[in-house]
Each structure stands twice: as C-alpha cells, then as structure tokens.
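The block underneath contains the structure these notes are about, expressed in structure tokens.
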2 protein chains.
Amino acid sequence: MSPRRSAASRKAPLKNASLRNSAPIFAALGDETRLRLVAVLCAGGAVSIAQLTSGTAITRQAVTKHLHVLADAGLVQHVKVGRERQWQFEPTRLEEARRSLDLIARQWDQALQKLKMAVEA
Amino acid sequence: MSPRRSAASRKAPLKNASLRNSAPIFAALGDETRLRLVAVLCAGGAVSIAQLTSGTAITRQAVTKHLHVLADAGLVQHVKVGRERQWQFEPTRLEEARRSLDLIARQWDQALQKLKMAVEA
DNA sequence: AAAATATGCAACTAAATTATTGCATTTAAC
DNA sequence: GTTAAATGCAATAATTTAGTTGCATATTTT
C-alpha cells in the first residue's frame with residue numbers, strides 16, 4: 001500500500017487506552033434526546049422516568065432505553081424509591097470525556113506550536 | 001401522567017440550541033476508529049487516506065467513510081494534493097463540544113452547591 | 001505509453017439503534 | 001381490596017451504521 005510508515009504508528013499520538021475508554025461516553029452523548037436528559041439530570045436532583053418523559057415527544061419506553069444507554073456508559077445511576085425509579089447524574093465519566101477533549105486540544109496546540117517554530121527557524 | 005410539571009420545563013437547564021449543536025459532534029467522536037483518526041490528525045498535519053488506513057485493520061473505504069462522518073460533523077477538512085486527498089483536523093467544532101461539557105459540569109457543580117447550602121441552612 | 005498508486009463510486013450485507021405497541025408487575029392511594 | 005400510577009419486559013419494525021467487494025477514474029512514475 002503505502003511506502004511510508006503508517007501515520008498511526010509514526011507518532012503514537014494519544015494513549016489508545018484513553019480513546020478506547022472515551023468513545024462509548026461520546027457515543028452516549030451523541031444523541032440530542034440523551035444530551036437533554038443529561039442536562040436535566042445534572043441540573044436537578046433525582047428525577048423519575050415519568051417526569052423525564054413529560055418534557056418530550058417520545059414515549060416513556062424510549063426514554064427508559066435512553067436512560068439505560070446513559071447508564072451503560074456510566075453517566076447516570078438510578079435508585080428505587082417506592083414505585084418510582086429515580087435517576088441521577090454521575091459526573092465521573094463526564095470528567096473522563098472532558099479530559100480526552102482537553103488532551104486532543106492540547107495535542108493540536110502543540111502541533112501548531114511546532115509548526116510555527118519550524119517556520120520561524 | 002405526572003401530576004407535577006415536567007422536569008424538562010421546570011428549570012430550563014441548558015440552552016437547547018447548544019445541545020442540539022453538540023450532539024452530532026459527540027456522535028462523530030463516539031466511535032473508537034474515528035476518535036483514533038482525530039487523534040492522529042490533530043497530532044500530525046495533513047495525512048492521506050492510504051496513510052490513515054495503514055494503521056488499522058479495516059479497509060481504505062471504511063476509513064474514507066469515517067472521514068466523511070467526521071467531515072459532516074465539521075471536525076476535519078480535506079484538500080486535494082496531486083492524486084492524494086489530504087485530511088486535516090479542524091479545531092472549531094471540538095471547542096464547541098468542550099464548551100458543552102464544561103457547561104454541563106458547571107451546572108452540576110452549581111446544583112451541588114445549592115444542595116449543600118440548603119442542607120447547612 | 002504502460003504500470004503503479006491513490007482515490008472515488010455503487011451495490012450490498014450484517015448488525016446496531018431508535019422507537020413503537022401490548023401486556024405484566026409492583027406500589028401507593030382511596 | 002379495588003383502582004390508579006409507575007415501571008418492567010418482550011416482540012416487532014424502520015432506519016442508520018459500519019463494513020465489505022468490485023470496478024472506474026485520476027495522477028504519478030518509469
């Protein structure tokens with residue numbers, strides 16, 4: 001294929017482990033409905049499914065599924081309170097995602113810096 | 001359904017527009033292969049498809065498709081150089097995504113703060 | 001010009017995602 | 001103890017996604 005070395009192996013750009021861990025978090029956030037749910041939950045406290053549903057055009061079951069997607073990504077948790085199931089935001093994984101974006105941004109800034117220095121040299 | 005007001009309308013937690021704009025960016029980042037591509041591109045400069053492919057187990061066409069997904073989200077751009085098409089990172093949209101996560105995190109911190117003050121009062 | 005390289009385009013497949021409906025179960029309220 | 005409310009579970013359907021293969025086209029290189 002290519003005579004040159006692979007771009008992926010040439011520089012070892014970011015910790016692969018970090019990326020592997022962050023991708024599912026971004027995937028969970030990559031849906032408008034779920035992003036809205038996260039926003040609601042991080043603003044309030046623990047909220048029931050019925051409450052979360054009443055703001056949307058989709059059914060309760062759809063909301064439930066979205067909540068499970070978020071839970072699988074570790075972004076929300078639930079506790080059973082009486083006949084309700086209350087969901088709450090869990091900030092740890094979101095911090096991970098933030099750090100990943102920060103890493104990428106920093107990497108980019110460094111690349112620009114190097115380019116600038118090379119041009120000025 | 002619920003006797004209470006909807007959780008979504010109760011607090012107007014985050015700008016809906018901001019979320020609507022960020023969701024597609026997160027969706028684009030929500031795949032390990034694409035996240036790797038972004039990392040490679042933000043570390044190096046402009047890289048051809050063949051180079052980007054040689055680091056992976058998938059085909060050139062699959063890489064091409066991923067690049068187009070990233071391009072649709074505004075995360076990468078391409079320029080034609082001879083018979084190659086070189087792809088490069090475009091940082092603007094990533095900054096948007098970072099700001100969204102920062103907003104959510106800040107919202108969460110404020111909620112904790114309020115809770116704390118309410119408990120101490 | 002011929003051969004090799006880099007890419008584009010199209011058809012197709014398999015699997016995952018999103019959302020629905022219908023019914024069962026648990027818990028609270030009257 | 002009925003009734004109403006909140007939720008869970010299962011089957012299904014439509015759409016999207018991720019990936020492949022095969023072939024065509026454009027550009028270098030020799």
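In what follows, chains are A, B, ... by sequence order, proteins preceding strands, each numbered from 1.
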note: B:Leu37, atom CG; D:dA18, atom P; distance rounded to Å ~ 12 Å
Using whole Å, report how far NZ of B:Lys80 lies from P of C:dT7.
9 Å
Please report, rounded to the nearest Å, how far the P atom of C:dG8 is from the NE2 atom of B:His68.
6 Å
Of A:Leu37, A:Ile49, A:Val47, A:Val79, which meets side-chain contact (heavy atoms from CB on, under 4.5 Å) against A:Trp87?
A:Ile49
Hey, mind stepping through B:Ile104 and B:Trp108 against side chain to side chain contact (heavy atoms under 4.5 Å, CB included) and telling me if it holds?
CA-CA 6 Å; B:Ile104 293 176; B:Trp108 175 250; 5.6 Å; no
Looking at B:Arg85, does any N or O in its side chain come under 4.0 Å of the phosphate oxygens OP1/OP2 on C:dG8?
yes
Taking the nucleotide of DNA chain C with the nearest heavy atom to each, does B:Trp87 or A:Gly82 sit closer to the 5' end?
B:Trp87
Using heavy-atom distances to pick each residue's nearest nucleotide on DNA chain C, tell me which of A:Val69 and A:Val81 is more 5'.
A:Val69
Between A:Arg99 and A:Glu96, is there a salt bridge with N-O shorter than 4.0 Å?
no
With a 4.0 Å cutoff (strictly under), does any side-chain N or O of B:Arg60 reach OP1 or OP2 of D:dT20?
no
Of the listed nucleotides (C:dT7, C:dT18, D:dG19), which one gets closest to any side-chain atom of A:Asp31?
C:dT18
To the nearest Å, how far apart are A:Gln86 CD and D:dG8 C1'?
17 Å
Write down the distance between CD1 (B:Ile58) and P (D:dT21), rounded to a whole number of angstrom.
12 Å
Does the side chain of A:Thr59 get closer than 4.0 angstrom to OP1 or OP2 of C:dT20 through an N or O atom?
yes
B:Ile58 vs B:His66 side-chain heavy atoms within contact, under 4.5 Å
yes
Is A:Arg34 near enough to C:dT18 that one of its side-chain N or O atoms lies under 4.0 angstrom from OP1 or OP2?
yes
Short side-chain N/O contact from A:His66 to OP1 or OP2 of C:dA19, under 4.0 Å:
yes
d(CD1, B:Ile49; C1', C:dT5) in whole Å
13 Å
Check the distance between C:dT7's P and B:Gln61's CD and give it to me in whole angstrom.
11 Å
Taking atom types as they are modelled, is there a donor-acceptor pair under 3.5 Å from the base of C:dT7 to the side chain of B:Arg83?
no
To the nearest angstrom, the NZ-P distance between B:Lys65 and C:dA16 comes to 17 Å
If you take all heavy atoms of B:Cys42 and A:Ala111, which pair is closest and at what distance?
O-CB, 3.7 Å
